[in-house]
Amino acid sequence: MLVSAEEMLKKAKEGKYAVGQFNINNLEWTKAVLLTAEELKSPVILGVSEGAGKYMTGFKTVAAMVKAMMEELKITVPVALHLDHGTYEGCYKCIEAGFSSIMFDGSHYPIAENIEKTTELVKVCKEKGMSLEAEVGSIGGEEDGVVGLGECADPNECKAIADLGVTMLAAGIGNIHGKYPANWPGLRFDVLEDVKAKVGDMPLVLHGGTGIPEDMIKKAISLGVAKINVNTECQLSFAEATRKYIEAGKDVQGKGYDPRKLLLPGTEAIKQTVREKMELFGSVGKA
Ligand code: 13P
């Protein structure tokens with residue numbers, strides 16, 4: 001059964017570890033993340049961007065696939081199905097489709113409008129027992145068409161949004177979606193500390209988990225980050241393993257073109273990346 005992310009993040013915050021959000025793109029991705037979470041007895045959040053939802057033919061398909069897969073694979077660890085960087089309309093579609101968690105990315109709106117729409121969604125999510133993530137500041141780079149300039153969050157705005165009763169808060173602290181440029185100056189821990197001082201016990205979310213050095217991840221967790229999003233790194237692992245398979249000519253040996261064989265190395269590579277992240281985030285054995 002899908003669960004809201006509230007309980008798992010509360011426990012993570014108290015236990016000083018983070019739960020990974022791994023974005024899914026298709027059946028192989030979903031299977032790889034769920035099986036790894038179960039094997040490592042880790043709670044997990046499956047992230048679905050609006051673009052990925054559309055690719056998988058719609059949020060209803062995604063919700064039905066994830067629920068059925070959890071049943072057939074006998075998944076026992078807590079799993080939240082979460083809309084990533086949702087628009088206002090996308091949030092309602094996911095609520096209707098049976099997701100257990102949503103992110104309303106109101107960072108593109110003026111703060112007053114972000115507050116108004118978030119207030120409304122807090123009420124709906126409370127009624128449905130769903131968790132809600134809000135964003136202040138913006139995550140740099142581009143993810144599935146969502147482009148951010150990477151402004152750091154204003155701690156007072158964070159407090160205003162946190163006080164509305166959201167479950168978790170993504171605050172821009174110099175993090176970027178996709179690969180980090182060589183001259184990236186690193187996470188702004190000063191901003192993170194100011195945000196934490198304002199929002200108290202609210203679990204904080206670190207987007208752009210791909211490529212953040214381990215020491216920065218650990219420091220971020222020590223400062224109140226309880227959810228870390230990873231997307232690009234699984235895509236890179238999948239692509240690299242698939243390329244190796246094809247470059248080695250394995251797709252033309254015997255029945256190597258069988259999709260179940262062709263997609264296997266990539267799927268195994270996703271599992272390995274998810275495993276490494278769960279170990280780094282400290283969520284192994286916490287289910
Ligand atoms: P990366 O693609 O950089 O890992 O970021 C993922 C993310 O933040 C999803 O919201």
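Just follow the structure's listing: the first ligand is 1, and inside any ligand the first atom is 1.
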Next on the checklist: Heavy-atom contact check, 4.0 Å cutoff: does H177 meet ligand 1?
Outcome noted: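 Yes.
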
Checklist entry - For ligand 1, is G47 a contact, meaning one of its heavy atoms is under 4.0 Å away? => result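 Checking ligand 1 against G47, which is what was asked, there is no heavy-atom contact under 4.0 Å.
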
Next on the checklist: Taking transitive links into account, so neighbours of neighbours count too, which hydrophobic residues share a cluster with I246 at under 4.5 Å side-chain distance?
Outcome noted: Y245, L262

Hey, does the side chain of [X] reach the backbone of [Y] with a donor-acceptor pair shorter than 3.5 angstrom?
X   : Y    : value
K41 : E38  : yes
E50 : T87  : yes
N23 : N231 : no

Checklist outcome for this item: With heavy atoms and a 4.0 Å threshold, my read on which part of D84 contacts ligand 1 is side chain

Item to check | Which segment of H85 sits under 4.0 Å of ligand 1 when only heavy atoms are counted | outcome: side chain

Should you measure from each heavy atom of [X], which atoms of ligand 1 turn up under 4.0 Å away?
X    : result
N231 : 1 (P), 2 (O), 4 (O), 6 (C)
V230 : 4 (O)
T210 : 1 (P), 2 (O), 3 (O), 4 (O)

Checklist entry - Step by step, would you call F99 with K93 a side chain to side chain contact (heavy atoms under 4.5 Å, CB included)? => result CA-CA 9 Å; F99 276 45; K93 282 190 189 158; over 6 Å; no

Just distance, no hydrogens or angles: give the donor-acceptor pairs under 3.5 Å from side chains in residues 57-72, sequence neighbours left out.
{"residue": "T57", "atom": "OG1", "partner": "T61", "partner atom": "OG1", "Å": "2.7"}
{"residue": "K67", "atom": "NZ", "partner": "G98", "partner atom": "O", "Å": "3.4"}

Checklist entry - Is the count of non-hydrogen atoms from other residues, nucleotides or ligands lying under 6.0 Å from K128 atom NZ greater than 12? => result no

Checklist outcome for this item: On a heavy-atom basis, the closest approach of S131 and E6 is CB-N, 4.0 Å

Checklist entry - Does G178 reach ligand 1 with a nitrogen or oxygen that is under 3.5 Å from one of the ligand's nitrogen or oxygen atoms? => result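 N/O-N/O distance below 3.5 Å exists for this pair.
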
Checklist entry - Got an N/O contact under 3.5 Å between N23 and ligand 1? => result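 N/O-N/O distance under 3.5 Å: no.
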
Checklist entry - How far is atom 2 (O) of ligand 1 from its nearest protein heavy atom, and which residue and atom name does that atom have? => result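 Its nearest protein heavy-atom neighbour is T232 OG1, 2.5 Å.
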
Next on the checklist: Just to confirm my output: which protein heavy-atom neighbour is closest to atom 8 (O) of ligand 1, and how far is it?
Outcome noted: G208 N, 2.7 Å

